[in-house]
Structure formats: C-alpha cells, structure tokens
Asks: 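Sending over a structure as structure tokens; questions will come in a sec.
Since the structure is predicted, the reported quantities are computational estimates derived from the model, not experimental observations. Labels below follow one simple rule: chain letters A, B, ... track the order of the sequence lines, proteins then strands, and each chain is numbered from 1.
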Amino acid sequence: MTNTFLLFFLILNAVLVGVAITIAVQHGRAHLEEKRSSGPTTSKKPDIPLSADARKQLAEDARQKFISVIGKSSIELEQDLSKTAEQMDKQLQKFGSGILAGQMEHYDKVLQKLRQQAETTMTGAQVAITNHQKELLAQLDEHQTKLEAEATAAAEEHHQLLIKEIDDKLSDSVMSFLIETLQHNVDLGAQTSYLIASLDEHKAELIKELG
Amino acid sequence: MSKINLPDNISSPQDLSALILEIRSYRKQLGHNSILSRTKKTAPKITDISKEALSVINTELGQKITSGSLDKLIRELESFHSHAEQLTITLVSPATPDIKEQLVGWCRKNLRHDILVNFSYNSNILGGLVVRTSSHIFDWSWRRQLLANSDKFAGYLTNVQ
C-alpha cells in the first residue's frame, strides 16, 4: 500500500516536472522566435530614423503580439494542464480502482480462506461431536447392560438366600417339633436292640479309643 | 489287665466300691466267727451278703474261702477299681437294670472284660446313646443325627408328592 502511494507520488511529480519543462520550453521557443523576428533588425542600426508615433506604434504592435503570444501560451498551458489533470485523474482513478480491486480481491481471498477454515473447523467439530455422542451412547448401553446383569444376579442371589432361609426356618421348625414331641414318654426298652446295634456299628472306634 | 470277671450287674465304679465294702464286711465277720469258733463259743450268723458279692466270692475263690483269700480278693478288686477303663453311657431316660446288664455285657464281651460303665440320662438326646471315654465323646444320639441332616430336610420335602 505504501509502495503504491509512493509510486503514485513519483509519477505525479514526474508529470508536474514535465508540465513545467514543457511550459519553459514553449516560453523559451517563443522568446527565441521573438528574438529572431526582431534580431536582424536590432543587430543593425536603422538607417531611417523613426518617428515617435511609429515607435509607439511598433511598441504597441509588439505589445499586442506579446500579449497574444502570452495568451496563446497560457491557453495552451491551460489546455495542457487540463489534459494533464485529466490524465492524472484517470491515472488516479485507475490506480485507485486497481488498488481497491486488489485490496478487495485480497480481502475476498482472506475471507474465503477464513470461511473455509471455519467450515472445516465446524465440520470437524460436528464429526467429533457425533463420534463423541456415539461413544457416549455405546458406553451408556454397556453400563446399562452391566447394571441389568448385576441387578439380575443380585436378585437371583437374594432369591436363593430367601429360599435357603425358608428351608432353614422350616428345618428348625420341624426339629423343634420333633425335639419337643420326643422328649416325653420315651420307651427305652424299645430302643435296646437299636442301642446294641449302634454299639456294634461303632465297635471299631471304641476298641481303638480304649486301646 | 485284671483277671477278675465281674458279673454284668456290677457295672459302675460305685457298684464295685459297694461290692468291695460288702466283701470286706463279710471278711471281718468271718474273722470274728473264726476266733469265736476257736473259743468254742457260738458264732453269730453271718449277715446275709448280696447275691452279687456271693457270686463273686464263689466264682473267684470257689471252696477256699478264707480270710487270706478274701483279703487277696479284696486287693484284686481294689486294683481292678483303680486300673479299670471307664465308660459313661448317656441314654434318653434312666436305664433299667436289665438294659444296663445288656449294655455292660456287650462292653465286657466286645471291648475289655475289665471295664466299668457309668450310666446317666438326658432327655434332650431324644434317643440313641452318647458314649464318653476319658478322652473322647461319641455322640450317636438321635438329636445329633437330626441336626446333622437338617439341611437335607428341604430336599426330602420337595420329593414329597
């Protein structure tokens, strides 16, 4: 951007210098032409003496010519300046438009690039979010399955415990009934053969114990 | 091991102690009668002794019943008392003499002839017997068998139709 403005400034200066040189050259040429036109006569002394009125008239004519030349030069200068200004304006517009277009194009590119980056990031984030959701759902399903299995196992274990407890209670009830019932009215005589049979069954143990 | 064979109705250490006392008393009276007979005085009648004591005396001494032989018998019985193995049999109710004789007879026939048996009872055992030696207890009572197999009760119950 700075280089562009520097270039523009240099071109502008070059144009102005050119204009000034042109004007100077034109003035110089005009002056030279005037000298040439009046040069040979002035180099020679007039043989004929002029009257005052004639001198006056010559001076007036010279003055009018000078004025016209000046006017013509000024008009030309004005035209050149107008053309130069017009060209400079065009160049400025051209440069401005070019610079603006370049900048706009640059901005467009940057924006496009940023937009693409943003879209890429968004897409990546969306994919990551989707994957993470899938992972979470999979973990949730796994955890749910595990919890269900644990709950089922705990329920089954509790069920078995209850069954065992019922069996134990029932056994204890029957044992208590038998104990309470059989404690009384026991006929030892009827057990004599059973007692002898028990001793026969465990005879070896008793012999081993008594040596 | 003692060579004396006690009758089965002399089962416990207490029975044996009573027998020894009875024989000792008999021996004392016999001694007195011997002295009186030498002095040609009328000897008092010897107090009746139990059948068990008389049986032991006749079995062990035969016809040679003298003070000396009785003293020897008493010493042997005392030795028997101090060295005999002892058992304690617990039944569900107090044992009758007949049951005691059968059980003691089995023990002396199958285990040791010089064994003394104590009897006790405990209604909690429901039935069967508990035998206790000096170092071990053998529980063959119905209570223990019922309690040991209580976990099988549920299985039997499920098989009932």
Asks: Could you look at A/Glu201 and say if it's the side chain, the backbone, both or neither that has a heavy atom under 4.5 Å from chain B?
Replies: neither
Asks: Using a cut-off of under 4.5 Å on heavy-atom pairs, state which of A/Leu210, A/Ile207, A/Ile163 scores highest against chain B.
Replies: A/Leu210
Asks: Checking B/Trp140 against chain A: side chain, backbone, both or neither under 4.5 Å from a heavy atom?
Replies: both
Asks: Would you check if B/Phe119 and B/Ile99 make a side-chain contact, meaning some heavy-atom pair closer than 4.5 Å?
Replies: no
Asks: So that I know where these two stand, are B/Trp142 and A/Tyr194 an aromatic pair - ring centroids less than 6.0 Å apart?
Replies: yes
Asks: As a quick check of understanding, evaluate side-chain contact (heavy atoms from CB on, under 4.5 Å) for B/Phe138 and B/Thr133, giving each step before the final call.
Replies: CA-CA 8 Å; B/Phe138 300 90; B/Thr133 64; 4.2 Å; yes
Asks: If you count heavy-atom pairs under 4.5 Å with chain B, which of A/Leu170, A/Asp167, A/Leu206 comes out on top?
Replies: A/Leu206
Asks: Please flag which part of B/Gln102 lies under 4.5 Å from any non-hydrogen atom of chain A: side chain, backbone, both or neither.
Replies: both
Asks: Show the nearest heavy-atom pair for residues B/Ser17 and B/His81, with the distance to one decimal.
Replies: OG-NE2, 3.1 Å
Asks: Could you look at B/Ile115 and say if it's the side chain, the backbone, both or neither that has a heavy atom under 4.5 Å from chain A?
Replies: side chain
Asks: Which residue is it: A/Gln144, A/Lys146, A/Glu150? I am looking for the one with a side-chain contact (heavy atoms from CB on, under 4.5 Å) to A/Glu148.
Replies: A/Gln144
